[in-house]
Structure formats: structure tokens, C-alpha cells
Undergrad: 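Could you have a look at this structure, given as C-alpha cells, before my questions?
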Amino acid sequence: MLEKAYDPSPVEAKWVKAWDAAKLFKSAPAAKRKSYTIVIPPPNVTGALHLGHALNNALQDVLIRWRRLHGDETCWVPGTDHGGIATQNVMEKQLKKDGKTRHDLGRERFLEKMQEWTKDCKNTILGQLRRLGCALDWDREAFTMDEVRAKSVFESFKRLWAKGLIYRGERMVNWCVRCGTALSDIEVEHEERKGHLWHIHYPATDAHRDIVVATTRPETMLGDTAVAVHPDDERYKGLIGAMLKLPLTDYEIPVIADDQVDKDFGTGAVKVTPAHDPNDYEIMLRHPTIGSRKVIGFHGELLPEAGKNYAGLSREKAREKVVADLKASGLLEKVDDHRHAVGVCYRCGSVIEPLLSWQWFVKQIELAKAPLAALEAKKFVIHPESWAKPYRDWLVNIKDWCISRQIWWGHRIPVWYCLDCNDISNKEIHQLPDLVCVVSLSKPEACPKCGGKKGNFSQDPDVLDTWFSSALWPMSVFGWPDKTGDLDYYYPTSILVTGYEILYLWVARMQMMGLEFMGKVPFTDALIHGIVRDKSGKKMSKSLGNVIDPLEMMDKYGTDALRFALLIQARPGKDIPFSEESLTGARNFANKLWNSTRFVLMNLPESPSKPYEAPNDGHCCRELVDDWILAEYKVAIRHAEAAMSAHDPAGALAVLYEFLWDTFCAWYVELAKNRLQGPEGESKEAARAILVHVLNGTLKLLHPFMPFITEELYAALKPYAGESARFLLDASVPTLDDVIVNDMDSPRQKMRTLSEVTIAIRTLRSQLNVPPDLKISVIASGGQDREVGLLKEHQDYIKPLARIERITIDAKASRPPHSATAVAAGMSFFVPLEGVIDFAKERERLQKELVKAEDDVKKIASKVENKDFIARAPESEVALARSQHKAALERQSRLKETLAILS
RNA sequence: GCCCAGUUGGCGCAGCGGUAGCGCGCUCCCUUGACAUGGGAGAGGUCAUAGGUUCAAAUCCUAUACUGGGCACCA
């Protein structure tokens with residue numbers, strides 16, 4: 001016998017172990033079966049999993065289990081990502097605690113430590129995924145930096161290089177001075193911040209007049225090489241070509257004209273700092289004579305070129321000093337408040353410094369063509385569709401991808417520099433132009449240029465952007481570049497499930513790489529989900545202290561409850577406001593499921609002689625409520641299937657929740673009690689058969705969402721349901737064809753009428769404070785043949801639910817004195833309540849009912865009395881409205897009648 | 001600045017052309033042999049605003065206002 005309340009922990013532990021031991025989630029290419037494949041978005045090895053991971057993986061698990069129960073050969077590939085900068089930062093923070101930097105350890109020792117950390121972290125993460133119940137094929141575990149993946153990375157680099165799609169060049173890059181590396185454009189986040197607009201006088205050398213420029217970064221003026229104005233700007237026409245004295249320096253800079261200058265912003269004159277601003281760099285390319293001067297270094301420090309007063313200062317200190325010095329020399333016109341977007345590092349939040357440096361890039365325009373075509377041809381579909389446009393726009397406006405990172409943790413760039421041709425001893429690689437190089441995994445034999453001495457090479461010290469290896473993930477996990485059977489069978493994968501925050505960073509790049517190297521999309525669909533936020537919609541973060549730990553929630557409420565709470569709220573593409581309260585409802589549902597099964601089991605023989613047959617229309621002793629629940633069950637299946645097809649697991653779950661709780665438990669189980677408590681016989685057996693089969697099917701449908709509890713209950717119900725599968729996942733879900741119901745409509749209509757009557761009498765009881773243990777008698781009066789007949793036949797349904805002792809059905813019965821009245825289904829139900837009833841109260845109650853009824857009549861009458869409605873609305877609508885009108889009138893007149901008697 | 005999404009009871013969300021639904025919260029009643037992690041009943045919404053289409057609009061269209069997001073940024 002099951003416990004009274006569901007206790008998740010032992011159940012979860014048991015099944016995690018059993019699934020694992022049975023290798024339940026193992027997949028192998030199966031020629032005859034359709035493959036359904038998902039590659040996990042590999043979590044970074046930066047620590048433990050958070051709620052976002054829980055949601056992401058729960059969603060994938062739902063899809064995988066759902067498809068498997070539908071007969072597909074499902075394969076879900078687990079793995080982790082080395083996580084480049086993010087992971088290196090974690091380690092550097094740890095070192096910092098001991099007052100050390102990575103340079104104290106040296107590259108080799110540092111990487112050893114990283115490997116150790118990674119090993120631990122991987123175990124933690126994979127263990128958590130197991131606990132979440134994820135149906136991952138554990139034998140396929142991959143890591144973005146393991147041997148197989150390293151081969152994929154090298155091969156793709158080599159091929160792109162051979163095609164001229166990878167190049168090394170000097171560009172204005174986004175430099176994070178804290179992380180000490182270049183970043184790609186999408187790794188920069190733009191934050192709106194309060195700032196200032198400093199207005200600075202730049203005197204003309206002839207001393208006749210000066211120009212005032214407006215800037216948000218005064219410290220960069222030390223590197224100005226020009227002031228630009230719009231060619232049509234009348235204010236500055238005479239000054240174009242004139243020279244200005246650059247304050248605080250000895251430099252003289254020209255006034256130039258450039259179309260890009262906005263006359264209406266600031267003073268209409270822009271200081272031009274080509275070395276530290278992407279736009280100014282562009283201006284320099286159009287006006288090469290102005291040249292550029294670098295005044296800020298890679299550590300965010302002011303360089304000697306900035307002048308001896310400033311050299312060595314940080315960017316922040318330099319700003320303060322420049323402003324102070326300008327003020328002192330009277331050149332600061334004014335300071336305005338100014339809100340503007342500041343680029344910050346997506347990993348550490350430091351302000352990005354645009355700097356010129358030599359980096360490796362992937363040409364994107366060519367590579368973006370195939371993904372755009374795939375999108376156009378619907379070979380790749382994004383759900384929800386609203387993300388397709390931003391995705392396309394990004395690909396259309398794509399810029400080259402900077403792939404080199406000046407960190408240690410990652411795939412080392414497979415490029416070697418000939419030490420005979422290049423002098424690379426003095427500076428860092430990213431500051432050296434035009435190097436002679438060879439692309440090779442290991443040290444090359446000879447230099448293609450000088451034929452140089454054997455082995456006199458040095459490898460590029462930098463590593464590849466972590467997203468470079470991630471981009472290959474759907475291929476590399478199946479062994480690419482080797483031609484493997486797995487790749488043949490599983491690629492393209494079925495669907496990618498991820499958050500919208502990495503749509504460009506990752507999804508777009510996988511499409512590019514997949515199409516480039518495989519000629520096919522890496523996945524045909526992408527399911528984009530939202531971010532898990534706190535109750536008030538804020539992002540969860542350690543600094544805000546609003547983080548909810550999924551493990552803690554799993555301990556407290558159970559894994560299935562956590563999954564349920566996340567999944568039911570995971571409306572397509574929408575963020576999820578999450579709080580601990582979300583979990584109580586989920587836990588309660590699990591308990592409801594548990595207890596409904598407990599109830600069914602309690603009412604079955606201890607050991608079944610044989611399993612119950614699946615219900616069908618020829619079944620003996622079927623009655624109305626049986627036909628009804630099967631019809632409802634079928635509708636639920638249809639709706640759940642439709643929602644899943646529409647990539648809306650939350651919708652499917654809502655359907656199943658409602659069916660189990662509000663339909664199956666609230667009505668069917670309650671009504672089955674009649675028969676279950678009665679004598680053994682065919683009617684009882686019929687009820688048992690239906691309870692078992694509908695519940696069993698519902699468990700299966702719910703299994704993808706709540707795998708543990710359903711597995712446990714399925715096991716308990718198995719002997720009665722005639723199930724032979726060892727695990728629920730090896731069974732199959734009920735399909736629409738399995739549920740045979742000839743007449744869907746009539747049982748549902750009949751039950752609607754009966755429940756209407758039940759509710760009306762319950763309401764009466766409640767409003768008149770009739771004690772629950774007081775059984776009442778009811779006299780049903782009036783009504784059409786259909787309703788009266790139905791009531792006669794099925795009064796046993798109503799009696800226990802409304803706690804009625806006796807129902808007298810007499811079309812002509814009149815209201816006995818001392819009785820209250822309920823009106824439903826075109827009938828009046830008189831409830832004699834001598835001594836209990838308060839007539840004033842009853843009048844008041846009926847008056848309220850009447851107001852409502854009159855309201856109803858009015859609303860519907862406005863339709864029925866509308867000639868245009870009758871003439872233009874579909875016939876079925878008109879007929880429906882007419883019958884509604886009739887029913888409303890009937891109700892109204894019955895209430896009026898009763899009130900008349902009472903007053 | 002451009003684009004997208006949202007605006008429905010106190011809160012969080014469904015519904016997306018035919019008389020407004022769910023969960024939580026709230027009020028009242030109930031420990032009745034599955035479940036108080038439960039049951040029953042109830043209060044609470046002119047579905048952001050203004051126009052339009054339609055016999056009929058929360059639902060379609062157009063504006064507006066807020067909110068959130070994406071992209072691009074003018075120093």
C-alpha cells in the first residue's frame with residue numbers, strides 16, 4: 001500500500017539508480033526507427049547548475065521522453081563546455097584569494113589546475129542532471145575540450161583557413177581590460193548609464209576663434225588627431241582645414257569635414273580619437289592623413305604618448321585629472337548630464353575599451369548566406385516565431401567574428417610562427433603585424449617561406465573563443481570530422497532547446513558551421529525559452545541575493561515538483577517569474593496524483609487474477625459516467641498532443657493537470673465510489689477497469705513532465721493495467737486510436753446537465769449554511785423530458801455529491817412550505833428545510849440569483865432579437881443562441897415564481 | 001532611433017471572433033474511509049486607451065500610452 005503522502009526522495013533515488021543500471025537512455029542508430037535527437041546546450045564548467053539549467057534541461061527531457069513514448073529512437077547527448085573566459089575567471093578569483101595571479105603559476109601549472117577543477121565540476125553537473133531525471137545517453141558524454149572535440153576544432157579551423165575564411169588582421173576590437181582579452185561584438189553588452197557630456201574648448205592656432213567639442217570620454221582627448229564637423233554646417237564652414245591646438249598637449253590637429261557628423265548633437269563638432277573609438281577609427285580610414293595616436297594601453301593604463309602628466313594613470317584617474325586640468329586652464333565650457341549606453345564585458349561587467357590590435361577573425365558574410373537560405377526555406381524553424389526576425393537581422397548585418405582570446409583556458413590557436421622569419425620576442429602577439437605562420441596541430445616541420453630550420457616555431461599563445469568549439473557541438477559530439485555512423489543517423493538533430501540570450505552567440509553560429517561543413521542544418525527546429533526570474537521579474541543574481549537553488553528546492557519539494565513548477569510556467573518564449581510559492585502548487589499536484597493512484601489501488605483486489613482489459617464500447621456494464629470519462633480522456637489526449645506539436649509543453653501540461661484533477665478526480669473518482677463500495681459484480685469491475693486504464697494512460701502522458709512519481713505509480717499499477725514494460729519509458733502513450741468512444745458528445749452533454757444540478761444544490765446548501773452532515777431531500781419539479789429522464793436515470797450520481805437522502809422527481813410537484821429552491825437544467829429543486837431555513841435570507845439569495853438570470857436573458861436576448869444576427873450569423877450559432885435564450889427565460893421565470901410565493 | 005512582444009480579477013498567467021478562465025491569495029463552511037499537500041461554496045474583471053472592421057471583438061485592423069526585450073548607437 002502506498003504511503004498517505006508522496007515522499008519524493010526515496011522514490012527519486014531508487015529510479016535514478018535503476019534507470020542508470022539498466023542504461024535506459026542508451027541510444028544506437030536504428031535503421032528502422034525515426035531518430036529524435038537533441039544535443040544538450042553544454043553547461044559551462046563554472047560551478048553548480050542554476051534554475052535556468054533546470055528549466056532548459058527539464059524542457060529537453062520532456063521532448064525526449066515524449067518522443068520516445070511515441071516510438072522514436074531518441075538520443076539526448078550530454079556534455080559540458082570548457083567555458084573559456086567565464087571558467088578562467090572562476091579560477092582566477094580562487095587564486096586571488098591566496099593573493100596569486102595565473103602568471104604566478106605559469107601557463108602549464110595553471111592549466112593543470114583548470115583540468116582538476118573541470119573534472120570536479122563536470123561530476124557535479126552531470127550528477128545534478130541525473131538528479132533532475134534527465135534521460136541523457138550517459139555513454140555519449142562529451143566535453144568541448146576533450147580529444148574528439150579538439151580534432152573537430154582543428155579541422156574546422158584548417159578548412160576555414162584554407163578557404164580564406166579565417167584571417168589575421170589589425171582591427172578595432174572590444175578589449176576587456178579586466179579579463180585582458182579581446183571580445184567579439186556580441187560579447188559586449190550595452191548598459192544605459194548616467195554619464196556626462198563635457199564641453200571642451202579647442203583653441204585655433206591663429207587664436208581668432210576656437211571650437212567647442214562635446215565628449216563623454218574626456219580622457220581620450222589626449223589621443224585626438226582631428227576635430228570633425230559636418231561639411232554643410234554653416235557654423236564651422238570657414239574653419240575646415242584650420243589647425244587647432246589640442247589642450248593639455250603640444251599637438252596641433254586639423255579640423256576636417258565628414259558626413260557622418262551629426263550637426264544637431266552636442267556642438268556639432270566631434271573630437272576624433274582614431275585609436276580609441278570605433279567611429280573615429282572609421283573617420284581616420286576616410287581621412288588617412290590625420291593618423292592615430294594610442295594613449296590607452298591593454299591594461300587600461302594611460303601610455304607615455306598621453307604625456308608625462310598622465311602616463312601610468314588608470315582610465316578613471318586620467319579622466320579626473322584631464323577634467324581638473326581643463327577646468328584649471330579655463331577650457332572647460334560646461335558639463336551636462338547625459339545618459340548613454342556603455343559597452344561592458346558580458347563576463348565581468350567591466351567597461352570595454354575599444355583598442356586597435358592584431359587578432360584572428362572569421363569572415364562572416366559568406367558563412368551567413370546558408371543559414372539565411374535555410375531560414376527562408378523553412379529548413380530551420382525557430383519557435384516561437386517572433387525570434388526569427390531578430391535572428392535574420394543579425395545574420396544580415398553580421399560583422400566579422402573575432403575568435404582569438406588572450407587567455408589560457410581554451411583551444412590553443414593552431415597556428416605556428418616561424419622564428420626565423422618573425423621576431424616575436426618583444427611584444428605580445430596581438431600587437432605584432434604581418435607574421436609568417438603555418439596552420440598546424442603540432443609543431444610544423446618546415447617554414448613555407450624560408451624553408452627554415454626544423455622545428456624552429458612558436459605556437460600562437462592565444463586561444464579560440466569558447467563559442468568556436470560550441471559552434472561545432474552538434475557535429476563534434478557525433479565524431480565529426482570522421483565519417484561516423486552516428487553522424488549519419490543522428491545528424492541533423494531534431495531540435496535545439498535554449499534561451500534567447502544565446503540565439504546569436506550560439507544558435508546562429510551552429511547553423512553557420514553545420515551548413516558549412518555538413519551541408520545540412522545542425523537542427524531543424526529551435527525551441528527558445530525564457531529566463532527564470534525572481535517573483536518581481538528581476539534576473540536572479542548572487543549580488544541581488546534573490547537566487548533560488550534548484551537542489552534545495554528538489555530536496556524540499558521533490559524533483560517532479562520543481563520540474564512541474566518550471567514547466568507549467570514555461571509559456572513559449574516567455575520569461576518565468578519564479579518563487580518558492582510556485583513549488584507548493586506543484587508539490588500538491590504530485591500528491592494529488594499519488595493519492596488518486598492510492599485510491600485506485602485501494603479499490604482493487606490485492607493480487608489480480610488477470611489484468612483489466614482496455615475499455616471499449618462493447619464493454620459490459622458501461623454506464624454514462626464511463627463513456628463520459630473516456631470522452632474527456634480522449635479530448636485531453638488530443639489537446640495535449642496538439643500542444644506538444646505546437647512546441648508548447650506548458651500548454652500540454654496544463655491540459656493534463658486539469659484533466660487529472662478537475663475531471664478525473666473531482667468527478668469520475670467521486671462517482672465511481674458508488675460502485676466501488678457496492679457489491680462485487682460486473683459494474684464494479686467495469687469501473688475498476690476504467691479507473692486503471694485512464695489513470696495508467698494519464699501517468700504515461702504525465703511521465704515526460706514528472707518522470708519519477710509516474711514511474712513509481714506506473715510500477716504499482718502495472719499488474720492491473722496489463723503492462724509488461726520494465727520501465728514506463730519502454731511502454732507507449734495512449735493514442736487517440738486507442739481510446740474507443742463512439743459517441744463523444746452525448747455523454748458530455750448529459751454529464752454537464754447532471755453536474756449543473758449537483759452544483760446548484762451544493763450552492764444552495766452552502767449559501768443557506770446547511771450543515772455538511774445533514775442529508776437533505778429534494779423535490780425536482782418541472783423540466784423537459786430529456787432532463788427529467790436523465791435525472792431519473794442518474795439520480796444516484798447527484799445524491800452522494802450533493803449529500804442528498806432522497807430525490808422525488810415529479811414534474812407537477814409544487815413547492816412545499818419551509819423549503820429553499822434551486823433552479824438548474826430547466827427544473828426547480830425544492831429542498832424542505834424546516835427549522836434550518838431563514839426566509840429572509842432565502843429571499844435575498846433568490847433575488848440575487850434573479851438579477852443574474854435577468855442579466856443573462858438580456859445579454860442573450862440582444863442577440864436573438866437582432867435581425868442582422870439571425871440573418872447573418874451561422875445557423876448553428878443562431879440555434880445555440882435560441883436554446884440559450886429559452887433556458888435563460890425558463891430560469892428567470894422559475895426564480896420569479898418562487899420569489900412570488902415567498903413574498 | 002529602428003524593430004518585436006506584452007498590457008485580462010490583489011499577484012502570476014491562459015484564452016485569441018460567438019454570454020470572461022486557471023493557479024496563488026482572500027471570505028465562509030467542512031477533519032465525510034484517496035488526498036486538509038484535501039473538499040464544497042463565494043467575493044473579485046466595462047480584458048490599457050481611442051477609433052475602425054463585423055450581425056458579433058478580450059480575440060482582427062489602425063493609432064496612442066505605458067512595460068519588457070532585441071538591434072543600432074551621436075562624440
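Chain letters run A, B, ... following the sequence lines, proteins first and then strands; every chain starts at 1.
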Undergrad: What nucleic acid atoms does A/V272 come within less than 4.0 Å of, heavy atoms only: base, sugar-phosphate, or nothing?
TA: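 Since no nucleic acid heavy atom lies under 4.0 Å of A/V272, the category is nothing.
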
Undergrad: With a 4.0 Å cut-off on heavy atoms, is A/E3 in touch with a base, just the backbone sugar-phosphate, or nothing at all?
TA: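 Here A/E3 touches no strand at all.
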
Undergrad: Applying the ring pair (Phe, Tyr, Trp, His ring centres under 6.0 Å) criterion to A/Y500, which one of A/W394, A/W506, A/W387 satisfies it?
TA: A/W387

Undergrad: Look at all strands and tell whether A/H885 reaches a base, only sugar-phosphate, or nothing, counting heavy atoms closer than 4.0 Å.
TA: nothing

Undergrad: Need to verify one output field. Residue with the more 5' nearest nucleotide on RNA chain B, A/D264 or A/W387?
TA: A/W387

Undergrad: So A/K574, base contact, sugar-phosphate only, or nothing? Heavy-atom distance under 4.0 Å.
TA: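 Answer is sugar-phosphate: A/K574 comes under 4.0 Å of backbone atoms only.
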
Undergrad: Any strand is fair game: report the nucleotide pairing with B/A65 by Watson-Crick or G-U wobble, both distances under 3.5 Å, or none.
TA: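 B/A65 is paired, partner B/U7.
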
Undergrad: Taking the side chain of A/N595 as its heavy atoms from C-beta onward, which of B/C35, B/G12, B/C55 lies nearest to it?
TA: B/C35

Undergrad: Looking for any heavy atom pair under 4.0 Å, which part of the strands does A/V669 touch: base, sugar-phosphate only, or nothing?
TA: base

Undergrad: Using a heavy-atom cut-off of 4.0 Å across all strands, would you classify A/W198 as base, sugar-phosphate, or nothing?
TA: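 Contact class for A/W198: none.
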
Undergrad: Below 3.5 Å, does any donor atom in the side chain of A/K592 face an acceptor in the base of B/C35, or the other way round?
TA: yes

Undergrad: Can A/K852 and A/D856 be counted as an ion pair, charged N to O under 4.0 angstrom?
TA: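 No, this pair does not count.
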
Undergrad: Ignoring hydrogens and angles, does a donor from either the side chain of A/Q260 or the base of B/A75 sit under 3.5 Å from an acceptor on the other?
TA: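 No such pair is found, so the answer is no.
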
